[in-house]
Amino acid sequence: MPAFEPGRVPGRRAPRLAVADPATGEVFDEVPDQQPDALDAVVDRSRRAWQGWRADPAVRATALRAAAGAVEGAAEDLARLLTREQGKPLAESHAEIARTAARLRYFAGLAPRTRRITDGRPVHSEIRWRSLGPVAAIVPWNFPLQLAAAKFAPALMAGNTVVLKPSPFTPLATRLLGSVLATVLPEDVLTVVTGREPLGARLASHPGIRHVTFTGSAPTGRAVAGAAAASLARVTLELGGNDAAVLLDDVEVDRIADRLFWAAFRNCGQVCMAVKRVYAPVRLHAQVVEALAERARTVAVGPGLDPDTRLGPVNNAPQLARVEQITRRALADGARAAAGGRRPAGPGHFFAPTILTDVPPDSPVVTEEQFGPVLPVLPYRRLDEAVDAANGTGFGLGGSVWGTDPARAEAVADRLECGTVWINHHAELSLAQPFAGVKDSGVGVAGGPWGLYGNLRPFVVHRPREA
């Protein structure tokens, strides 16, 4: 089947962006392919809306709570459309909608704290907080609604306005979300723009944007940071990961196999903080490979709207080609597929859930982020060797340690170079915690109060003390 290129709709003169169903590969809808020169008017309206929106935090909190209710009221339509364009099982789409509403409610309950400085000088000094202005939120295709809310909920509660650009592969549910939120938010407080590049690049570099928050690949993140530098806009970049799971020699394989499998394969492996490498002791390596391979062979793969499906397709043709290429390279280098390893026959962007063994440690499937349903399992003889390997890539988003002795596992976890570490589970986040990576996994902090303050600037007021 030929690769699908978004935006090409034969016979149409007006710029439109075609959207394909990844379960079939067929185009089923389209959205405006907005041109970069239209952003001037969009950002200007966003700036004008900011003048009123920033004035009253109580009004903002009420609006965000109403927004959460509106999202929940539209959950069925949003979830079905999200599955249709993204591919994930319908139950996972419903979970994403619920998380979107939960983020709105969480940030509606936060407010920055004024702090008084006491340092012996004859003045009262207070740190207050002010919003930044229009914020650009650029969102990928793996969790288009949840990641959008992770950006716009704290930005809005802080008093900013937001211009939201979804991926060209998943614009439909985001446009519907924007329409739902328009019923409870003031005009131009949240604007959704859709289109291919260079729309995102122009948005990131627009002189009216004061904060750019982006989730995506490290190369694109560097380009976004460079574009934002032109106007000295603040940047928050979440640039993916290559999370390692280190299994200790006391781990009980049968007890953790399900959790470990889904930590790697949820959303067809298209999760920035998914397990993307497993390091297992030599004596347990074969057992770990077989336990994961058995699950990969038997998991129900199919269209997300099928109620029996547990694993959907890869979202788009370019990413499917990437997954296929990186797997073929590993097999050519001597790896063996204990399960999967190829595309199944039939339509759609499917790739068989794949467990790789005998993988060279310098293979791209180990050193890079594969972002698909492929998992290499590598043996180690010494624990130090496993920790060094886990830390040995340019990424540092998350990691996990698995074993029966919690204190020992925590001691090993403390040695991992990443922003979040889990013990005996993986990729679970609280709305109240910070989320950030190290090295090539990003710049800035999202989540919790840190996400709110990331959308504010300090404003210091000095006044003389009373005599």
Side-chain angles (χ1 to χ4, degrees), residues 1-12 16-31 33 77-94 96 140-145 166-176 194 196 264-271 274 293 295-331 337 339-356 365 370-375:
M1 162 177 208
F4 168 70
E5 182 178 347
R8 290 193 177 178
V9 185
R12 286 192 177 270
R16 303 292 290 178
L17 179 67
V19 183
D21 181 340
T24 65
E26 300 297 325
V27 171
F28 74 98
D29 208 340
E30 59 182 29
V31 297
D33 186 7
D77 289 342
L78 284 167
R80 291 189 70 83
L81 189 56
L82 177 58
T83 287
R84 188 82 190 276
E85 68 174 349
Q86 202 282 332
K88 65 185 62 180
L90 188 59
E92 292 186 22
S93 289
H94 275 287
E96 183 167 343
W141 43 260
N142 58 332
F143 290 93
L145 302 189
S167 163
F169 294 110
T170 53
L172 294 168
T174 305
R175 276 175 59 86
L176 178 56
T194 57
R196 294 173 293 172
F265 285 91
R266 184 169 69 94
N267 198 27
C268 203
Q270 300 165 128
V271 182
R295 286 157 176 80
R297 296 184 205 108
T298 57
V299 66
V301 178
L305 291 177
D306 184 333
D308 294 328
T309 291
R310 295 293 308 279
L311 213 62
V314 175
N315 172 256
N316 57 77
Q319 185 60 26
L320 177 62
R322 156 75 176 167
V323 171
E324 189 170 27
Q325 183 273 331
I326 205 170
T327 303
R328 283 180 174 175
R329 167 73 182 274
L331 295 172
R342 58 182 177 79
R343 294 180 60 181
H349 305 322
F350 291 96
F351 196 85
T354 297
I355 304 297
L356 295 177
V365 79
Q370 64 270 37
F371 217 69
V374 179
L375 181 65

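Values reported hereafter were calculated over all heavy atoms of this structure, with side chains retained and with hydrogens, waters and symmetry mates removed.
- Within the 3.5 Å criterion, the main-chain N or O of Gly341 finds a donor-acceptor partner in the side chain of Thr354.
- Here the closest non-hydrogen pair linking Gly25 and Ala20 is O-CB, 4.1 Å.
- Taking both residues in full, the closest heavy atoms of Gly269 and Ala274 are given as O-CB, 4.5 Å, listed atom of the first, atom of the second, then distance.
- Using a 4.5 Å cut-off on side-chain heavy atoms (C-beta onward), Thr194 and Leu172 make no contact.
- For the pair Arg84 and Phe28, the cation sits on the ring face: its NZ or CZ lies under 6.0 Å from the ring centre, inside 45° of the axis.
- Summarising the geometry of Ala293 relative to Ala339, their closest heavy-atom pair is O-CB, 3.7 Å, with the distance given to 0.1 Å.
- With Thr309 contributing its side chain and Pro303 its backbone, the two residues share a donor-acceptor pair below 3.5 Å.
- Within 6.0 Å of CZ in Arg297 there are more than 12 heavy atoms belonging to other residues, nucleotides or ligands.
- Tested against Phe143 for a side-chain contact (heavy atoms from CB on, under 4.5 Å), the candidates Glu92, Gln86, Lys88 yield a single pass: Lys88.
- With contacts defined as side-chain heavy-atom distances shorter than 4.5 Å, the pair Glu26/Asp21 does not qualify.
- Using a 4.5 Å heavy-atom cutoff, the side chains of Phe265 and Leu311 are in contact.
- Taking OG1 of Thr83 as the start and NE2 of His94 as the end, the distance is 7.5 Å to the nearest 0.5 Å.
- How far CG of Leu81 is from CZ of Arg175: 11.0 Å, rounded to the nearest 0.5 Å.
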> Checking side-chain contact (heavy atoms from CB on, under 4.5 Å) for the pair Asn315/His349: CA distance, chi angles, key distance, verdict?
Replying inline: CA-CA 7 Å; Asn315 172 256; His349 305 322; over 6 Å; no
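- Annotation: side chain of Arg322 is in contact with side chain of Gln325 (closest heavy-atom distance under 4.5 Å).
- Atom CZ of residue Phe351 and atom CZ of residue Arg343 lie 9.0 Å apart, to the nearest 0.5 angstrom.
- Interatomic distance, CG of Asp77 versus CG of Leu82, reported as 12.5 Å (0.5 Å rounding).
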>> Apply side-chain contact (heavy atoms from CB on, under 4.5 Å) to residues Trp141 and Gln319 and explain how you reach the verdict.
In response: CA-CA 11 Å; Trp141 43 260; Gln319 185 60 26; 3.7 Å; yes
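- Nearest heavy atoms, Cys268 versus Gly312: SG-O, 3.3 Å.
- Counting all heavy atoms, side chain and backbone alike, Thr170 lies closest to Pro144 at OG1-CB, 3.7 Å.
- The shortest heavy-atom contact between Val19 and Phe169 is CG1-O, 3.9 Å.
- Side chains of Pro307 and Leu90 form no contact here, defined as non-hydrogen atoms less than 4.5 Å apart.
- Here the side chains of Pro140 and Ser167 are not in contact, with every heavy-atom distance at 4.5 Å or above.
- Between the side chain of Glu96 and the main chain of Leu145, a donor-acceptor pair closer than 3.5 Å is present.
- With Asn267 contributing its side chain and Asn142 its backbone, the two residues share a donor-acceptor pair below 3.5 Å.
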> Can Val365 and Leu356 be said to form a side-chain contact (heavy atoms from CB on, under 4.5 Å), step by step?
Replying inline: CA-CA 9 Å; Val365 79; Leu356 295 177; 4.2 Å; yes
>> Apply side-chain contact (heavy atoms from CB on, under 4.5 Å) to residues Gln370 and Val323 and explain how you reach the verdict.
In response: CA-CA 6 Å; Gln370 64 270 37; Val323 171; 5.7 Å; no
